[in-house]
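Some notes on the structure that comes next.
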Amino acid sequence: MIEFEDVHKHFGALHVLQGIDLRVAEREVVVIIGPSGSGKSTLIRTVNRMEPIDSGSLVVNGTQVNAKTVDVNRLRRDVGMVFQSFNLFPHLTAAENVMLAPRRVRGLSEKAARERAMELLTKVGIPEKADVHPARLSGGQQQRIAIARALAMDPKIMLFDEPTSALDAEMIREVLDVMRDLAKEGMTMLVVTHEVGFAREASDRVVFMDAGRIIEDSPTAEFFAGAKEERARQFLGKVIKH
Amino acid sequence: MGIIFEFPDLYLFPSGLWVTIQLSVVSLIGSLVIGTVIALFRISPIPPLRWVGTGYVELFRNTPLLVQLFFLFFGAPLLGIRFSDEPLEFNFRAALLGLSLYHAAYVAEVVRGGLLAVDKGQIEAARSLGLSYLGMLRYVQLPQSFRAVVPPLANIFIALVKNTSLATTIGVVELLKAGELIESRTFRTVEAFGSVAVLYLLLTIPMGIGVNWLEKRLRVAR
């Protein structure tokens, strides 16, 4: 479903992705962990071409993401993305946030889009907030609506870029619960997170990144039983202590 | 009503005021449309469009409005452009065009600032949903910039109303011209131009009040 082959990416002089090889199969949940600045976010942002790659090959849903002929808007319809800072549209209500893409990209009628939005808001547990603007919602509620918004285009893949890093402890749980449900339903997910608990329970594989490289890529159980790489073990030790 | 029988020329005030209102409203809309397009050019990912946008703003903002009006009025016919065959209509259209083009440069800068003030995450979120660049502009970036641009736009539009008085120099019988005509026929200089000033205030002060009201409403909306 997602295939990286020797992918490189620079930000100016900074070599942020240094030869990434990674495969994510359909219905697989892969968690990417690693210290900040290791290139995790950049990595998942290449999947929907929010960041173009410099060299190598990246195939998503059978499409070479960086081919010149690729219709990037079409590609993105199949790849939902959830951001650390939610990025809900403040001028729209919760339901309107969810309805925007189905209406304006897919051309759904307002009624059909509204019905679908209500389904999704129910799924993430806050249908009663449908007509509320984001500014009046908690961070956890905002992030759940952001997930509903990303799901509204019926994506085949969901990308999560540190979805709980901007949240208070009590709100992290409600967001992770939604993500766990999604994983159970068989959504293909690529998740950058520091939530080791989520990785342990909900993921199939854990990828450890450091300095632009994938240092370790192991099935979840094996990874937590004892990471092969010293750096991954050290990092895990630090994260779990907290 | 005696005053009207004494000075039958007073009808010039309402008709001049009406011309000033027409000039103001139409060039306000014109400058808003042109200015927004130029602002979009200025932030466009396509370099030639950015150059056109920058060139436009620099040209129209850095030359006097009066020069631009004279250029349109005296120069356009020589370049083969006839706004109208009817002289008064010609003057009026030249003024409309000049006022719109000039204020559009200022509108463009304000709208550009508003667009750039929208958080980058908003743009990314919209694009990640599969919205095209133009769709993102229309449904996310432009609506969100609206609140930030209302007060500075109001300043531009108040200036525009006052600047319509320059149209008097190219033969448009607007409010100031009406005052001049009345003054020349009655020799009541203080009253004539005093009235003109008051009538401008009647246009501009409600605009300021309207903007304050709009600003408050926009603040409540979020």
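If you're wondering where the values come from, they're calculated on a predicted model, not measured in any experiment. Throughout, protein chains are lettered first and strands after them, A, B, ... in sequence-line order, and every chain is numbered starting at 1.
- Between the side chain of B/Q68 and the main chain of B/T63, a donor-acceptor pair closer than 3.5 Å is present.
- Of all residues spanning residues 130-139 of chain B, those with a heavy atom less than 4.5 Å away from chain A's heavy atoms are B/G130, B/L131, B/S132, B/Y139, arranged by number.
- For residues 62-74 of chain A, heavy-atom neighbours of chain B at less than 4.5 Å comprise A/V72, A/N73, sorted by residue number.
- Of the listed residues A/R149, A/M81, A/R77, the one with more heavy-atom pairs under 4.5 angstrom with chain B than any other is A/R149.
- A salt bridge between A/D177 and A/K184 is absent, with no side-chain N of the basic residue lying under 4.0 Å from a carboxylate O of the acidic one.
- Taking each heavy atom of A/A25 and A/T188 in turn, the nearest pair found is O-CG2, 3.6 Å.
- With contacts defined as side-chain heavy-atom distances shorter than 4.5 Å, the pair B/N91/B/F83 does not qualify.
- Other residues, nucleotides and ligands place more than 12 heavy atoms under 6.0 Å from the CZ atom of A/F11.
- The nearest pair of heavy atoms linking B/I38 to B/A108 is CG2-CB, 3.7 Å.
- A salt bridge between B/R42 and B/E109 is present, with a side-chain N of the basic residue lying under 4.0 Å from a carboxylate O of the acidic one.
- Considering A/V207, A/I53, A/L22 as possible partners of A/L43, the one that fulfils the side chain to side chain contact (heavy atoms under 4.5 Å, CB included) test is A/L22.
- For residues 161-176 of chain A, a heavy-atom distance under 4.5 Å to chain B picks out no residue at all.
- Taking each heavy atom of A/A113 and A/R103 in turn, the nearest pair found is CB-CG, 3.5 Å.
- Crowding of A/E110 atom CD: a count of heavy atoms from other residues, nucleotides or ligands under 6.0 Å not exceeding 12.
- With a 4.5 Å cut-off on non-hydrogen atoms, A/F83 touches chain B through its side chain but not through its backbone.
- Chain B forms the most heavy-atom pairs under 4.5 Å with one residue out of A/L100, A/L159, A/N48, and that residue is A/L100.
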Worksheet entry | Full working for side chain to side chain contact (heavy atoms under 4.5 Å, CB included) between B/L142 and B/L115 | CA-CA 6 Å; B/L142 273 171; B/L115 289 169; 3.7 Å; yes
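- In this pair, B/Y106 and B/Y102 present their aromatic rings tilted. The plane angle is within the 30 to 60° band.
- Counting only heavy atoms from C-beta outward, the side chains of A/R76 and A/R49 approach each other to under 4.5 Å.
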Output side-chain donor-acceptor pairs under 3.5 Å for residues 115-125 of chain A, partner residues at least two apart or in another chain, one line each.
from, atom 1, to, atom 2, distance (Å)
A/E115, OE2, A/K111, NZ, 3.4
A/R116, NH1, A/E119, OE1, 2.9
A/R116, NH2, A/D154, OD1, 2.7
A/T122, OG1, A/M118, O, 2.6
A/K123, NZ, A/E185, OE1, 2.7
A/K123, NZ, A/E185, OE2, 2.9

